[in-house]
Amino acid sequence: MNRYIIPSEEEIRFSLEKRHTKAVQDKLYNAKVAVCGLGGLGSNIAISLARTGIGSLHLIDFDRVDLSNLNRQQYKLNQINQPKPEALKISILEFAPYCQIKTDFIKINEENIPSLLSLDTYICEAFDRPEQKAMLTNTVLEKLPEKYLVGASGMIGYGSNHLMKTRKIMAHYYLCGDGLAEGDGLGLMAPRVMLCAAQQANTIIRLIMEKYEV
């Protein structure tokens, strides 16, 4: 049986501080980020943020892990049929054992968004369907205007990396991806989905660090 000793929280923090500096790590540690949708985008966003040292993650999805998810999502065969929030939490705690992770196995809608996301400063929109993206975006912008929202649009197939960009749409709303309509039959592939997820995660970190302007 493979046994290992889990480092202390102080040891892990110090390791990150050596990489990022203490000033940077303090800001990341105190940040609260929600990831809405834990598929190809959301599972990769959450993994990236947790590895960077984000202190609090809120993982939200109503779906269970399916075999068809494994081509691009951060799940394993032994997690099939598990609720995505709990499966992803278990994976994150394997390398970030002191990350504060809240999970909600629930479908997001216009009615529950204000209470569900009330304690989160930064929100990642990581849904698959355009109508879900629009619903979350419009509701957050209208009812939670003080939050920072980072969404995604366009990541199918194996198109050029150079088309993937981050744009500032409004004061607190940023959009990542190529912005192209989906539906050319190429499907969703791990590398390009992960490119978009990385842009979203990096945008969140930049907002935490400097409230940047694009």
Side-chain angles (χ1 to χ4, degrees), residues 33-54 57-96 99 101-108 120 122-137 149-167 174-206:
V33 184
V35 184
C36 302
L38 302 175
L41 287 173
S43 62
N44 282 292
I45 291 168
I47 292 285
S48 292
L49 292 175
R51 288 196 182 279
T52 306
I54 293 294
L57 285 173
H58 187 181
L59 307 179
I60 310 169
D61 203 310
F62 70 98
D63 204 2
R64 293 178 180 271
V65 179
D66 182 80
L67 180 61
S68 65
N69 301 150
L70 303 188
N71 77 316
R72 67 196 185 282
Q73 301 180 21
Q74 291 290 337
Y75 302 104
K76 296 171 285 189
L77 283 169
N78 64 0
Q79 293 179 316
I80 286 177
N81 205 40
Q82 292 181 17
K84 286 184 176 180
E86 288 302 319
L88 190 57
K89 177 180 178 178
I90 290 170
S91 295
I92 289 173
L93 291 178
E94 289 179 353
F95 62 84
C99 184
I101 302 176
K102 178 182 179 182
T103 62
D104 275 303
F105 185 46
I106 189 173
K107 187 169 185 176
I108 293 177
D120 304 304
Y122 306 92
I123 300 167
C124 284
E125 174 274 299
F127 290 142
D128 293 329
R129 297 179 181 176
E131 61 272 19
Q132 293 175 313
K133 292 175 175 290
M135 180 273 296
L136 177 64
T137 299
L149 176 64
V150 179
S153 177
M155 67 217 71
I156 63 166
Y158 46 84
S160 171
N161 295 346
H162 300 297
L163 296 175
M164 307 290 279
K165 301 183 182 299
T166 300
R167 293 170 289 150
Y174 295 76
L175 191 62
C176 303
D178 61 25
L180 301 177
E182 300 185 1
D184 62 3
L186 295 178
L188 294 166
M189 300 183 183
R192 212 152 187 271
V193 171
M194 292 173 72
L195 273 175
C196 190
Q199 284 192 342
Q200 287 186 268
N202 192 55
T203 300
I204 290 291
I205 291 168
R206 292 187 68 184

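- With hydrogens and angles ignored, the 3.5 Å screen pairs a side-chain donor or acceptor of E125 with a backbone N or O of A152.
- Q79 contributes a side-chain N or O that, together with a main-chain N or O of A87, makes up a donor-acceptor pair within less than 3.5 Å.
- Side-chain atoms of K102 do not come within 3.5 Å of backbone N or O of H58 as any donor-acceptor pair.
- Note that CD1 of I101 is 4.5 Å distant from CD1 of I92, once rounded to the nearest 0.5 Å.
- The minimum heavy-atom distance linking D128 with K133 is given by the pair O-CE, 4.0 Å.
- Heavy-atom minimum distance, D66 versus I80: C-CG1, 4.5 Å.
- Atom OH in Y122 sits 8.5 Å away from atom CD1 in I54 (nearest 0.5 Å).
- Residues M194 and Q74 are in side-chain contact: their nearest non-hydrogen atoms beyond the backbone lie under 4.5 Å apart.
- Taking OH of Y75 as the start and CG of L67 as the end, the distance is 14.5 Å to the nearest 0.5 Å.
- E86 and T103 share a side-chain donor-acceptor pair at under 3.5 Å.
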Would I47 and L88 satisfy side chain to side chain contact (heavy atoms under 4.5 Å, CB included), going step by step from the backbone distance to the final call? CA-CA 8 Å; I47 292 285; L88 190 57; 4.2 Å; yes

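- The shortest side-chain heavy-atom distance between C36 and Q132 does not fall under the 4.5 Å cut-off.
- Taking CZ of F105 as the reference point, atom CD1 of I60 lies at 13.5 Å (rounded to 0.5 Å).
- Among T166, V150, I204, the single residue meeting the side chain to side chain contact (heavy atoms under 4.5 Å, CB included) criterion with Q199 is T166.
- The minimum heavy-atom distance linking C176 with C196 is given by the pair O-SG, 3.8 Å.
- Interatomic distance, L149 CG to Y174 OH, rounded to the nearest 0.5 Å: 11.0 Å.
- Between A50 and F95 the shortest heavy-atom distance is CB-CE1, 3.8 Å.
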Test salt bridge (Lys or Arg N to Asp or Glu O under 4.0 Å) applied to D178 and R192, step by step: CA-CA 10 Å; D178 61 25; R192 212 152 187 271; 2.8 Å; yes

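- For the pair N44 (side chain) and R72 (backbone), a donor-acceptor distance under 3.5 Å is present.
- Between the CE atom in M135 and the CD1 atom in I108 there is a gap of 6.5 Å [rounded to 0.5 Å].
- Taking both residues in full, the closest heavy atoms of L93 and C99 are given as CD2-O, 3.9 Å, listed atom of the first, atom of the second, then distance.
- L38 places none of its side-chain heavy atoms less than 4.5 Å from the side chain of I45.
- The minimum heavy-atom distance between Q73 and G40, with the atom names listed, is CG-N, 3.2 Å.
- Looking at K84 and N69, their side chains come closer than 4.5 Å, going by heavy atoms from C-beta outward.
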